[in-house]
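I have placed the structure first, in the form of structure tokens, so that the comments after it can refer back to it.
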Amino acid sequence: MKATQILRTSKSDLKASTVHETFLLKGNFIQKLGAGIYQLMPLGFLAYQKIYEIIDEELKAIGFLSFRAPIVHPASIWEKSGRYDDFGPEMVKFKNRSAEKFVLAPTHEEPVNLIAKKLINSYKDLPLALNQIQTKFRDEPRARGGLIRLREFTMQDGYSFHTNQEDLDKFYNDVRAAYLRIFKRLGFEVKVVAATSGAMGGSGAEEFMILAQDGSDQIAICEKCDYAVNIETLVEGDAEVCEKCGGDLKMEKTIELGHIFKLGDKYTKAFELTYDNEKGEKKYPVSGCYGIGLERALASIVETHHDDKGIIWPSEVAPFDYYLIALGEKANEEAKKLYEKLAKEGKEILFDDRENSAGEKFADADLIGCPKRLVISDKTLANNQVEIKDRATGAIELKNLSEF
RNA sequence: CGGAGUAUGGUGUAAUGGUAACAUGCCUGUUUUGGGAACAGGUGACUCUGGGUUCGAAUCCCAGUACUCCGACCA
């Protein structure tokens, strides 16, 4: 892709309240429409799609079926579950011209359970795992922190249904492992933290956290073993020593990237979702649910992968692999050829074909943060070479044009 | 939802009751290319909305809306 089409960086010293928002706004990855409401610009959407694909791929690989629920729901399905009145003011309710009642989905248990009810009749239909990556809207009283806490956001939300606890436990562990693979591919070092499943009911829950200065969660980490726990679950004065080994606990600010729950039969009971067992008896499946916030993941990648000049994308989520700069007219001709060749081979390359000064192109290459920067200039052309600079390490190597 | 503040070209700011200015961006041209270049010309804001005070309002007053920060709430 060409910079003249997609790149609109800002030279201003704009400073948002968080690092990721500063760089994402400066590089024009995102645009703010209102508090907690942002749109992804073409550049930002490229990175977002990479995240989407990684999550989708890993979850399909362990057996999730993809579905897609709507964002606007008729109020009736929420009235039926009893949550139309219970959910609280963060759920937006509205009426259309015919005074029919609707809600904007803050979560998707209601439609998912309707899908599951269609698909599950018999024990033979279990286990079943359903997944979607879809928009949620929550009218947060105070959205803040850039993309960390949005009102409209995208969430991967998966749900699984099982005949018994052992089967749920097994699948839960599969999801746990898939989540660890996802977060590794996204470039994170996550801590899996014991969490309360109180509000959701059920038998267990864990959160996937990263340490981050701008985080709004706090966890307690044991200084001796690898035990970590959300401080929300530390209520009864045991907030000072590790319950595993007795070591001292240290408080750290974190961002929660994902959350997995064993729900038991709370929701299947609430939604009257049953199956027939071998004896023909009606039983409630036990279920689990699993979620990752995509914009929050995007923001967190920037929070954990940057220097003072800009973003340093992990290779799997970078919007482009290469950022190509040409200096001088002769170099520009060669760069154009190289760009077309690499593009034809399917390489993801951003060619800075703008007429801007050299310094501006270098600064933007750092800001945008593609893993490799290619420079062609009179200097490199003297030996028919291209300079390759690694964004993360700063290491520079020269390669012959013919080797590309 | 409680407390405080802000609202002016695309962006960032100035003008404190009397002609809306500066920088940047953008457009044209010339020149320039290894770390945010230079010159020249040009473009662009009925100063958030509605009301009020005044000869006169970006400026003062009232209401609304939006945004920011602190707190509560939530993930």
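Chain letters run A, B, ... following the sequence lines, proteins first, then strands; residues in each count from 1.
Regarding Leu367(A), its CG atom lies at a distance of 18 Å from the P atom of rG35(B), rounded to whole Å. Straight-line distance from the CZ atom of Phe208(A) to the P atom of rA75(B): 18 Å, rounded to whole Å. Taking atom CZ of residue Phe153(A) and atom C1' of nucleotide rA75(B), one finds them 8 Å apart after rounding to whole Å.
Checking rU65(B) for Watson-Crick or G-U wobble geometry (two distances, each under 3.5 Å) identifies rA7(B) as its partner. When both distances must be under 3.5 Å, the Watson-Crick or G-U wobble mate of rG44(B) does not exist. As the counterpart of rA38(B), rU30(B) is assigned, both hydrogen-bonding distances of the Watson-Crick or G-U wobble pattern falling under 3.5 Å. When both distances must be under 3.5 Å, the Watson-Crick or G-U wobble mate of rA21(B) is rU13(B). Figure legend. rA58(B) is base-paired to no nucleotide; pairs are counted as Watson-Crick or G-U wobble with both atom distances under 3.5 Å. The base-pairing partner of rU53(B), taking Watson-Crick or G-U wobble contacts with both distances under 3.5 Å, does not exist among the strands shown. Nucleotide rG71(B) is matched to rC1(B) when pairs are restricted to Watson-Crick or G-U wobble geometry with both distances under 3.5 angstrom.
In terms of position along RNA chain B, the nucleotide closest to Leu327(A) lies nearer the 5' end than the nucleotide closest to the other residue of the pair Leu327(A) and Arg138(A). Residues Gly34(A) and Ile396(A) both approach RNA chain B. Their nearest nucleotides, taken by heavy-atom distance, put Ile396(A) toward the 5′ side.
Considering only the side chain of Ala35(A), rC67(B) comes nearest among rC67(B), rC74(B), rG34(B). For Glu140(A), taking side-chain heavy atoms from C-beta onward, the closest of the listed nucleotides rU33(B), rC74(B), rG71(B) is rC74(B). When the nucleotides rA72(B), rG34(B), rA75(B) are ranked by their closest atom to the side chain of Ser377(A), rG34(B) comes out on top. Picking from rG35(B), rA75(B), rA72(B) the nucleotide with the shortest atom distance to the side chain of Asp366(A) gives rG35(B). When each of rG35(B), rC69(B), rG34(B) is scored by its nearest atom to the side-chain atoms of Lys379(A), the top-ranked nucleotide is rG34(B). You'll find that the side chain of Arg144(A) is closest to rC70(B), out of rC70(B), rC74(B), rG35(B). Comparing rG35(B), rA37(B), rC70(B) by their nearest atom to the side chain of Phe362(A) picks out rG35(B). Side-chain atoms of Asp364(A) lie closest to rG36(B) of the nucleotides rC73(B), rU68(B), rG36(B).
A cation-pi arrangement, defined by a distance under 6.0 Å to the six-membered ring centre and an angle within 45 degrees of its axis, is present between Lys399(A) and Phe404(A). With Tyr322(A) as the aromatic partner, Lys372(A) does not meet the cation-pi criteria of under 6.0 angstrom to the ring centre and within 45 degrees of the ring axis.
Contact check, Arg142(A) against rU68(B): no side-chain N or O comes under 4.0 Å of OP1 or OP2. Under 4.0 angstrom from either OP1 or OP2 of rC67(B) there lies at least one side-chain N or O belonging to Arg151(A). Distances shown here put every side-chain N or O of Lys11(A) at or beyond 4.0 Å from the OP1 or OP2 atom of rG10(B).
Comparing rG71(B) with rU47(B), their C1' atoms are spaced 33 Å from each other, to the whole Å. As rounded to the nearest Å, rG2(B) and rA72(B) have C1' atoms that lie 8 Å from one another. Nucleotides rU11(B) and rU49(B), compared at atom P, are 15 Å apart to the nearest Å.
By the 30° and 60° cut-offs, the orientation of the rings of Phe23(A) relative to His306(A) is tilted. Ring geometry for Phe64(A) against Tyr290(A) counts as perpendicular: the plane angle is over 60°, on a 0 to 90° scale with 30° as the lower cut. Between Phe183(A) and Phe208(A), the two ring planes are tilted [angle within 30° to 60°]. Taking the six-membered ring where tryptophan is involved, the planes of Tyr52(A) and Tyr48(A) are tilted, since the angle between them lies from 30° to 60°.
Scanning atom types as modelled, no donor and acceptor separated by under 3.5 angstrom connect the side chain of Asp378(A) and the base of rG34(B). On a pure distance criterion of 3.5 Å, a polar donor-acceptor pair joins the side chain of Glu387(A) and the base of rG34(B). Between the side chain of Ser357(A) and the base of rG36(B) there is no donor-acceptor pair of N/O atoms closer than 3.5 Å. Between the side chain of Arg354(A) and the base of rG25(B), no donor-acceptor pair under 3.5 Å is found.
Thr254(A) comes within 4.0 angstrom of nothing in the nucleic acid, heavy atoms only. Residue Lys15(A) is classed as having no contact, given no heavy-atom separation below 4.0 Å to the nucleic acid.
A donor atom on one side chain and an acceptor atom on the other are found under 3.5 Å apart for Glu295(A) and Thr154(A).
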